[in-house]
Amino acid sequence: GGIYKSSNQGTNWVQKVLIQTVGAKRSFATVDMITLALDPTDNKAIYASGIENGLFYSYDGGEGWQIAASLGKVNVTNIAVDPANKCVIYATAANKVYKSIDCSRTWAVTYFDNDPTAAITSLVIDFSNSKNVFMGTSRGEIIKSSDQGLSWETLNNFGGQVNKIVISPANAKVMFVGSYAKGVFRSSDGGASWVNLKDKLKSFDGGGSFRDLIMVKAEKPTVFLATNYDLVKSTDSGDTWSKIELIIEKARIKINAIAVNSFNTNEIYYVTDTTFYRSLDGGKNWTSKKLPTTRTGLKLLIDSKNPNIIYLAVKQVVKK
């Protein structure tokens with residue numbers, strides 16, 4: 001369980017789960033992880049959460065971890081760090097958004113949904129103006145704060161749970177929403193209006209379905225989308241898409257997470273329940289490697305300054 005780190009583009013992996021403490025050694029080596037996040041301004045600052053284990057954070061690239069004790073053992077489902085102030089951190093759990101302004105020492109609820117059955121399912125901060133915070137809900141809403149979480153307004157309802165929100169690293173007005181139930185949507189005006197990209201993706205397997213979505217700046221801003229069984233990309237903010245050939249296409253194994261080098265879009269990685277895949281030539285050729293655990297690969301993140309370093313979060317999934 002826990003977090004694994006590779007320093008050579010996924011060739012070898014080492015479990016990084018040691019909790020810094022006085023006395024007996026502690027770790028979260030058996031914990032099932034929920035999410036994983038990097039500080040956008042500090043590549044050594046990593047945040048991770050485990051089921052019923054609260055929030056872990058590391059300031060040395062995962063070598064040693066600390067626990068956000070004041071947050072408690074809640075199931076933290078999303079983490080976002082203010083790009084203008086690394087000590088301002090947001091975390092979601094159930095129907096609440098928590099905020100810390102002192103580097104995880106203390107936390108306060110900055111949003112509470114009065115529906116106890118609702119959940120905050122995604123979270124992102126505008127890199128160009130960190131006063132703007134966006135969250136998605138299990139009811140299908142995207143909700144925005146323009147004042148760092150003091151007040152909130154609903155922008156849209158997609159009719160299905162919002163699983164991911166992505167802001168273009170080149171133009172913060174361009175945003176994408178991914179929903180397992182409803183597919184992929186795009187906004188070109190900072191979330192004020194949205195269009196469904198199903199028609200633009202209908203020629204691919206899954207017809208606009210969503211598994212994971214990222215956008216990197218690199219030489220040209222590029223969106224990478226994992227549908228149910230395809231991996232596709234767009235260099236024009238989702239107007240046109242091209243397919244990246246996969247070696248697992250015939251096996252029809254679903255992708256759980258994708259990661260791309262933000263300096264070189266030819267370096268593409270993805271993970272399934274059992275296997276880590278790597279291409280260094282834009283998808284022309286792939287290598288595969290069994291995961292360093294019997295658990296499922298859930299999240300992938302690439303170090304923002306050293307793209308040879310990749311982090312992997314894993315979780316036990318009970319097969320039905």
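Residue indices begin at 1 and follow the sequence shown.
- Donor-acceptor pairing under 3.5 Å is lacking for the side chains of R278 and S288.
- Note that K86 lies in the cation-pi zone of Y59, set by a 6.0 Å cut-off to the ring centre and a 45° limit from the axis.
- Here L231 contributes atom CG and F204 contributes atom CZ; the two are 10.5 Å apart, rounded to the nearest 0.5 Å.
- With hydrogens and angles ignored, the 3.5 Å screen pairs a side-chain donor or acceptor of D147 with a backbone N or O of S151.
- Taking hydrophobic clusters as Ile, Leu, Val, Met, Phe, Trp and Tyr residues chained together by side-chain heavy-atom distances below 4.5 Å, L246 shares a cluster with V260.
- Salt-bridge annotation for K96 and D113: absent, with no side-chain N of the basic residue lying under 4.0 Å from a carboxylate O of the acidic one.
- You'll find the ring centres of Y269 and Y277 outside the 6.0 Å limit.
- Under the 4.0 Å criterion applied to side-chain N and carboxylate O atoms, D82 and K131 are not assigned as salt-bridge partners.
- In this structure, F56 and F28 have parallel ring planes: the angle between them is below the 30° cut-off, well short of the 60° mark.
- Looking at D126, its side chain never comes within 3.5 Å of a backbone N or O of S130 through a donor-acceptor pair.
- With R186 contributing its side chain and V174 its backbone, the two residues share no donor-acceptor pair below 3.5 Å.
- Between D273 and R295 there is no salt bridge, since none of the side-chain N atoms of the basic residue sits less than 4.0 Å from a carboxylate O of the acidic one.
- In this structure a side-chain-to-backbone donor-acceptor pair under 3.5 Å is missing from S209 to G183.
- When the shell of 6.0 Å around CD of E52 is examined, it contains 12 or fewer heavy atoms from other residues, nucleotides or ligands.
- For the pair L36 and I3, the tightest heavy-atom approach, listed with the atom from each and the gap, is CD1-CD1, 3.8 Å.
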(message) One pair to check against side-chain contact (heavy atoms from CB on, under 4.5 Å): F224 and T222. What are the steps and the verdict?
(response) CA-CA 7 Å; F224 291 83; T222 306; 3.5 Å; yes
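- To the nearest 0.5 Å, atoms OG (S179) and CD1 (I165) are separated by 11.0 Å.
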(request) With ring pair (Phe, Tyr, Trp, His ring centres under 6.0 Å) as the test, would you mind laying out the steps for F185 and W194 before giving the verdict? (result) CA-CA 6 Å; F185 300 80; W194 295 84; 7.5 Å; no
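- For W107 and Y98, the ring centers sit 6.0 Å or farther from each other.
- The ring of W65 has its center no closer than 6.0 angstrom to the ring center of Y57.
- N256 contributes atom CG, which lies 11.5 Å from atom OH of Y270 (distance to the nearest 0.5 angstrom).
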(request) Take V177 and V184 through the side-chain contact (heavy atoms from CB on, under 4.5 Å) test and state the conclusion after the steps. (result) CA-CA 6 Å; V177 156; V184 183; over 6 Å; no
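- A distance-only check finds no donor-acceptor pair linking the side chain of N308 to the backbone of S7 [under 3.5 Å].
- Annotation: I101, atom CD1; neighbour count of heavy atoms from other residues, nucleotides and ligands within 6.0 Å does not exceed 12.
- Between the OG1 atom in T272 and the CD1 atom in I255 there is a gap of 8.5 Å [rounded to 0.5 Å].
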(message) Assess the residue pair K243 and E245 against the criterion (side-chain contact (heavy atoms from CB on, under 4.5 Å)); give the C-alpha distance rounded to whole Å, side-chain angles, the decisive distance to 0.1 Å, and a yes or no.
(response) CA-CA 6 Å; K243 184 177 179 179; E245 296 298 332; 3.9 Å; yes
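- Here L301 contributes atom CG and L38 contributes atom CG; the two are 4.5 Å apart, rounded to the nearest 0.5 Å.
- Remark: side-chain polar atoms of T121 are paired, donor with acceptor, to backbone N or O of V162 under 3.5 angstrom.
- Taking CD1 of I310 as the reference point, atom CZ of F276 lies at 4.0 Å (rounded to 0.5 Å).
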